[in-house]
Amino acid sequence: MPSCLFSPPMLRFAQALDTQLRAAMERAFPEAAAEAIAAGRPLDPQLAQASKPEFGDFQANGALALAKPLQQSPRQIAAALLAELEADVAFGALCLPPQIAGPGFLNLTLRPEVLAAELRRRLTDPRLGVPLASESGAGSAVAPVIVDFSSPNIAKEMHVGHLRSTIIGDSLARVLEFRGHPVLRLNHVGDWGTQFGMLITHLKQVAPEALTRADAVDLGDLVAFYRQAKQRFDEDEAFQATSREEVVKLQSGDSVSRRAWQLLCDQSRREFEQIYGRLDIRLSERGESFYNPYLEAVVADLEAADLLVVDAGAKCVFLEGMQGKDGNPLPLIVQKSDGGFNYATTDLAAIRYRFAAPPAGDGARWVIYVTDAGQANHFAGVFQVARRAGWIPEGARLEHVPFGLVQGDDGKKLKTRSGDTVRLKDLLDEAVERCEADLRRRLVEEERQEDDDFVQQVATTVGLAAVKYADLSTNRITNYQFSFDRMLALQGNTAPYLLYAVVRIAGIARKGGDLGDGAATSAEPQAVFPDLLLFSEPQEWALVRELLKLDTVIAEVEQELLPNRLCSYLFELSQVFNRFYDQVPVLKAEPAARASRLALCRLTADTLKLGLGLLGIATLERM
RNA sequence: GGGCAUGUAGCUCAGUUGGAUAGAGCGUCAGAUUCCGGUUCUGAAAGUCGGGGGUUCGAGUCCCUCCAUGCUCGCCA
């Protein structure tokens, strides 16, 4: 593992310290260091974020691992390292004298003036210290990253299952975009395949107008027709045969079928767009049908690579290291015995196209699939075949980003009382309605007067924020229990709690605190805040340290593709800020302290807004 | 039966290359408030990290095994 992957706070300092520690180790133990380098495993100081605040900012654990090979006690080794570090002028400029603690940990604390200067620098940095990917030297940032997410099915309504993919995918795309990657957000909608054959066949018989006129039926009707069609398909062999013929017609470009299909897609698309609009999500639609022209080439490629086997009439690739029910090798079917293609073929065509160099493809170097964990096997198989076919360029990343189920209070898959799947639209509506009711109750209690626009605006923002935040704040791989009561709670790790911290800071600005944030009366931050920020209270230092962690957290989210890490950080930042706000006066402080404290407020608000923005969550000035 | 994932406080969940006494929120109990919005803050109780074995100076984290739960396993997507 390269050393740039560790994740203590403040990447820049961490990298400097890591270098200094390595040099110190080489000076302290030249023979062991030389041997280690010769063996291809240079001595590692094991620099990490301090596990507790009282241990400082960083800790180096390397001494413990060296005890055995060096035949010395860990504390002795730590002492030798410490002596070398104290002779290093650059280290002394960065850190206070290190402490040896416990069995042999070396605790490092950054100098207050170093922290204050870094904080001051961030006040004038719109990126808040987060480097662009191109600046951190991580490969070429020109090749697009493709995030494949949301992917609802035509003629079906979006439900909670699409919620997670949509929200997680959007957040990951935002983080990657912020880091400067060109991101292609692809909506791989289910707009192709057998279901259209049966739907069109059914509609031709019972509601032909739906296939020739836009708006003849709404999505709700379509969903009902879809159910009926599915039922007939399962029961009626003649219907099945007609449906299959219809699929063939559609796939071969028959104009009547094609037009009917187009109308169905348009109808669904309007519905999807409403949801995406509400959730502030941008997506480029590129459905399964897009890859139709490439399906035969996929099979031909696999044939040429000598991977295809015909088994029971179907063309398949047998997967390495995967077994089916009876212990037989597991095939990935790319062409059915009736000559038709299935979803594996489409997914293979998509991978092939996405990695292919333009203009024949997207030229991606990194492709991310955000789908539920139940598809892990499917993607493992598809990815394996794509690799063996040679479609994945050297050094490219191809990964499935799985997520768990949304469950109800009973721990089972979320359903309505009547047992149906929960429509996404209804779920969002309920969140906003509950927020509004709660807000109106509070307004009465606090005897506040607000107009309807304000109430609507706040309820919508908070309601949608709560839904998104609840989804993003748990580790995506585990199932999570959906609960309006928990996600809308005003305290705890919830969207409202975070939003309230932003509101408090806006309150300080309204009461006369100049945050230098571009309001008509304020000048640039350079003029508003002193060059030297002065902090005295422990609550201030805690906030300084928390604020400076942002760059590390973003790097971690990008590496692990785990938005919940960002949520945890923003929650902790809000807690540290609330402690500061509660215990340290800002507006009533002495002028020198006041300016520095306003700077903390300003950077806290900026950090929360930026972080929530990366989660796709809007903030408010009042609530 | 095979594969993958999950199992941490009463509940919902974190836990970053293996590191110091396992963390948070809710709930419970006990406190704070002339103050920038109390949607706040301080503190306490609460754990055999599913069980067992192993590797290691050190294991919630890695390995083996067993148990429980969920998902998945050739022509749906």
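So that the names make sense, note that chain A is the first sequence line, chain B the second, and so on, each numbered from 1.
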Please work out if [X] contacts a base, only the sugar-phosphate, or nothing of the nucleic acid, heavy-atom cut-off 4.0 Å.
X: R565(A); value: sugar-phosphate
X: S337(A); value: base
X: D372(A); value: nothing
X: V189(A); value: nothing
X: R597(A); value: nothing
X: F571(A); value: sugar-phosphate
X: L330(A); value: sugar-phosphate
X: N564(A); value: sugar-phosphate
X: F105(A); value: base
X: N578(A); value: sugar-phosphate
X: Q46(A); value: base
X: N107(A); value: base

Taking D191(A) for the side chain and E288(A) for the main chain, is one N or O donor matched with an acceptor at less than 3.5 Å?
yes
Check whether R22(A) reaches the backbone of L43(A) with its side chain - one donor and one acceptor, N or O, closer than 3.5 Å.
yes
Searching all strands shown, indicate the nucleotide that pairs with [N] (Watson-Crick or G-U wobble; both distances under 3.5 Å).
N: rU12(B); value: rA24(B)
N: rC4(B); value: rG70(B)
N: rA30(B); value: rU42(B)

If you measure only the distance, is there a donor-acceptor pair under 3.5 Å linking the side chains of S289(A) and N292(A)?
no
Does the pair D372(A)/R164(A) count as a salt bridge with the N-to-O cut at 4.0 Å?
no
Would one find a side-chain N or O of K412(A) under 4.0 angstrom from OP1 or OP2 of rU69(B)?
no
Is rG74(B) in the syn or the anti form, by the rule that syn lies within 90° of 0?
syn
